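Keep in mind that this is a model prediction, so the values were computed, not measured.
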Amino acid sequence: MKYNFDKNWTTDNNGFPLYDSEVERYISVVPDQRQLTHLQKPFYAFIHFGMNTATAREWGTGEETPADFTITSVDVRQWVSVIKSSGATGIILTCKHHDGFCLWDTAYTDFSVKNSNYDGDIVRELSLECVRQGIDFGVYLSPWDMHDKRYGTSAYNDYFCNQLTELLTNYGTIFEVWFDGAKGSNAVSFEYDWERYFSVVRSLQPDANIAICGPDLRWVGNEGGKTRNNEYSVVPAMLQDSERIHELSQHSEGMADELKKIDSKDEDLGSRKILQKYKKLCFYPAEVDVSIRKGWFHSDDENMTVKSARKLFNIYLNSVGKNCTLLLNVPPAKNGKIHKKDVKVLNSLGKKIKAVTQNLVLQQNLGELDKSIPYIDFEFDSAHKLKWAVLKEDLSFSQRVEAYDLYIKKANGRYKRIFSGTVIGSQRIIKINNKSAVGARLVIRQSRSNPVLSSVAFYE
């Protein structure tokens with residue numbers, strides 16, 4: 001068998017320039033510190049909870065009253081402990097969804113929990129519990145508001161910023177602020193003052209990342225847990241256009257299924273073929289948002305739609321394991337607790353995720369390679385039945401690797417290719433299926449300048 005080890009980034013680089021002005025332009029695009037920190041905790045949870053939980057809807061009507069929020073207790077301790085059991089490191093709460101009902105004691109509207117039969121501030125309760133259990137806390141604030149009469153006027157931008165200020169001032173450290181562009185087709189035409197919203201976040205929570213209508217994390221493009229074969233983080237800056245995100249977002253409750261499909265024309269966002277067409281580039285990693293159930297808010301009618309731990313684990317491998325972050329929605333029921341079916345699945349998911357890196361065989365921290373290192377050899381202390389390999393680039397030097405092959409070395413000294421990949425990025429998790437090996441070889445076939453790998457690790 002021909003391994004073609006001599007064809008690699010130090011020789012032909014798959015026919016692409018290794019160094020030139022274009023390559024320099026690509027690798028000059030690097031994440032800021034808040035993005036780097038965020039990518040170190042790539043799995044976190046969404047909690048959709050609010051008026052829609054009480055009324056058993058996905059979207060409200062704008063005609064609800066505080067009395068319609070009939071929920072009188074929530075078990076935030078259970079929420080956090082269950083989500084931690086899944087392996088998630090943070091929670092983002094829908095503090096206000098499209099219906100406009102606020103889960104905190106806001107000073108700027110009467111349409112909130114303070115005027116319902118609920119005695120408390122749910123945002124405060126959850127944020128404090130996250131601190132107690134050592135998990136990050138984030139907020140979702142819907143720009144679209146069905147209820148507030150100011151919507152559609154400049155006064156609404158003032159209202160929105162006032163509420164954003166409350167959430168970013170009174171509830172501790174916020175790790176992510178989540179904005180979407182969802183807006184009903186019958187909503188009044190209105191331009192959100194995105195730059196002003198971003199300025200409020202930057203001034204009050206400078207370490208928080210802003211997604212999805214935001215400059216730090218981009219929407220992967222669907223709500224079905226699907227990712228691209230090649231998920232680049234260095235992409236054209238035009239993808240940060242919030243209004244474009246709005247055009248692709250939901251415009252009606254019934255569009256949820258449509259968003260589970262990926263438009264093939266958007267499959268390639270960051271290859272050289274694409275980047276050469278755009279003067280302005282940005283570092284904009286993808287976030288995958290998907291619900292554990294069919295809907296985003298809990299409904300007893302959907303208890304049979306809870307995804308299995310196996311399916312969620314595959315979503316994890318195809319998001320966290322393919323240079324994305326994962327935002328998994330876990331909606332509590334109207335009794336204030338996460339349903340027992342969700343609890344069981346999340347606990348099982350956490351065990352599956354933990355098992356990936358439980359039995360380390362070898363890890364090497366590599367750094368920047370030079371042309372004297374055409375490929376990287378790994379020698380194990382004995383034969384091991386490998387289950388996983390985890391590759392990571394040092395993204396402070398940008399995303400560079402574009403193609404690679406991973407081989408295992410058998411006891412007879414022969415090599416067997418077990419994986420061919422393209423991008424690595426923040427993390428690439430490779431399933432190996434219990435293959436016996438005494439070593440391994442990583443051949444980087446194509447790169448933008450010298451590859452910079454933070455680590456390569458093998459697990460049994």
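- Between H38 and F175, the ring-plane angle classifies as parallel under the 30° and 60° cut-offs.
- Side-chain N/O atoms of Y171 and Q205 include no donor and acceptor closer than 3.5 Å.
- Using a 3.5 Å distance cut-off with no hydrogens or angles, the side chains of S271 and D268 do pair a donor with an acceptor.
- Neither side chain, S455 nor Q363, offers a donor N or O lying under 3.5 Å from an acceptor on the other.
- A side-chain donor-acceptor contact under 3.5 Å links R400 to the backbone of F397.
- A salt bridge is absent between K96 and D148; no separation between the charged side-chain nitrogens and carboxylate oxygens falls under 4.0 Å.
- Between N329 and S291, the side chains place a donor N or O and an acceptor N or O closer than 3.5 Å (distance only, hydrogens not considered).
- Taking the six-membered ring where tryptophan is involved, the planes of H98 and W59 are perpendicular, since the angle between them exceeds 60° and thus also 30°.
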| field | Intermediate values then yes/no, side-chain contact (heavy atoms from CB on, under 4.5 Å), T165 and L204 | value | CA-CA 8 Å; T165 297; L204 298 176; 3.8 Å; yes

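- In summary, D105 and R124 do not engage in a salt bridge, as defined by a charged side-chain N under 4.0 Å from a carboxylate O.
- Screening D136, T89, T325 for a side chain to side chain donor-acceptor pair (under 3.5 Å) with K41, the sole residue that qualifies is D136.
- For residues 71-91, the set of pairs meeting the ring-ring contact (aromatic ring centres under 6.0 Å, His included) definition, not counting sequence neighbours, comprises F49-W79.
- Here the closest heavy-atom approach between residue Y284 and residue Q240 is recorded as CE2-CG, 3.5 Å.
- When atom types are taken as modelled, the side chain of Q399 and the backbone of Y232 share no donor-acceptor pair closer than 3.5 angstrom.
- For K351, the NZ atom sits in a loose shell: 12 or fewer heavy atoms of surrounding residues, nucleotides or ligands are nearer than 6.0 Å.
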| said: Does Y140 form a ring pair (Phe, Tyr, Trp, His ring centres under 6.0 Å) with W178? I'd like the steps, not just the answer. | reply: CA-CA 5 Å; Y140 165 105; W178 212 93; 5.6 Å; yes

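- Note on ring orientation: taking the six-membered ring where Trp is involved, the planes of W194 and F179 are tilted (angle from 30° to 60°).
- Under 3.5 Å, the side chains of T94 and H48 contain no donor-acceptor pair of N or O atoms.
- Ion pair E231/R218 flagged as a salt bridge, since at least one NZ, NE, NH1 or NH2 atom sits closer than 4.0 Å to an Asp/Glu carboxylate oxygen.
- Between the side chains of T37 and Q33, at least one donor-acceptor pair of N or O atoms lies under 3.5 Å.
- Taking the six-membered ring where tryptophan is involved, the planes of F160 and Y197 are tilted, since the angle between them lies from 30° to 60°.
- A donor-acceptor contact shorter than 3.5 Å is absent between the side chain of D193 and the backbone of N157.
- Between F111 and H147, the ring planes lie parallel to each other; the angle is under 30°, not in the 30° to 60° tilted range.
- Judged purely by atom type and a 3.5 angstrom limit, E460 has no side-chain atom pairing as donor or acceptor with the backbone of V361.
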Show me, pair by pair, the donor-acceptor contacts under 3.5 angstrom made by side chains of residues 61-74, not counting sequence neighbours?
| residue | atom | partner | partner atom | Å |
| --- | --- | --- | --- | --- |
| T61 | OG1 | E63 | N | 3.1 |
| T61 | OG1 | E64 | OE2 | 3.4 |
| E64 | OE1 | G62 | N | 3.0 |
| E64 | OE2 | R57 | NH1 | 3.4 |
| E64 | OE2 | T61 | N | 2.9 |
| T65 | OG1 | A67 | N | 3.4 |
| T65 | OG1 | D68 | OD2 | 3.4 |
| D68 | OD2 | T65 | N | 2.8 |

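- With respect to the salt-bridge test (charged N to carboxylate O, under 4.0 angstrom), the residues D207 and R202 do not qualify.
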| Steps toward side chain to side chain donor-acceptor pair (under 3.5 Å) verdict (S398, Y26) | CA-CA 8 Å; S398 192; Y26 303 157; over 6 Å; no

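- Side-chain atoms of Q78 come within 3.5 Å of backbone atoms of I338 as a donor-acceptor pair (strictly under, hydrogens ignored).
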| message | Please evaluate residues F380 and F378 with respect to the criterion ring pair (Phe, Tyr, Trp, His ring centres under 6.0 Å), reporting the C-alpha separation (whole Å), side-chain torsions for both, the decisive distance (0.1 Å), and the verdict. | response | CA-CA 7 Å; F380 306 151; F378 306 89; 7.7 Å; no

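- Note that the CG atom of L103 and the OG atom of S112 stand 9.0 Å from one another [nearest 0.5 Å].
- Between the side chain of Q133 and the backbone N or O of R77 there is at least one donor-acceptor pair closer than 3.5 Å.
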| Yes or no on side-chain contact (heavy atoms from CB on, under 4.5 Å) for N229 and E267, after CA distance, side-chain angles and deciding distance? | CA-CA 8 Å; N229 289 327; E267 175 67 22; 3.8 Å; yes

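- Checked for salt-bridge contact, E402 and R448 meet the test: a charged N lies under 4.0 Å from a carboxylate O.
- Using modelled atom types, one finds no donor on one side chain facing an acceptor on the other under 3.5 Å when comparing N318 with T227.
- Using cut-offs of 30° and 60° for the angle between ring planes, the Y159 and Y156 rings count as tilted.
- Considering CG of N359 and CG of L386, their distance stands at 11.5 Å, rounded to 0.5 Å.
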| message | Assess the residue pair L406 and F458 against the criterion (side-chain contact (heavy atoms from CB on, under 4.5 Å)); give the C-alpha distance rounded to whole Å, side-chain angles, the decisive distance to 0.1 Å, and a yes or no. | response | CA-CA 11 Å; L406 182 63; F458 299 90; 4.2 Å; yes

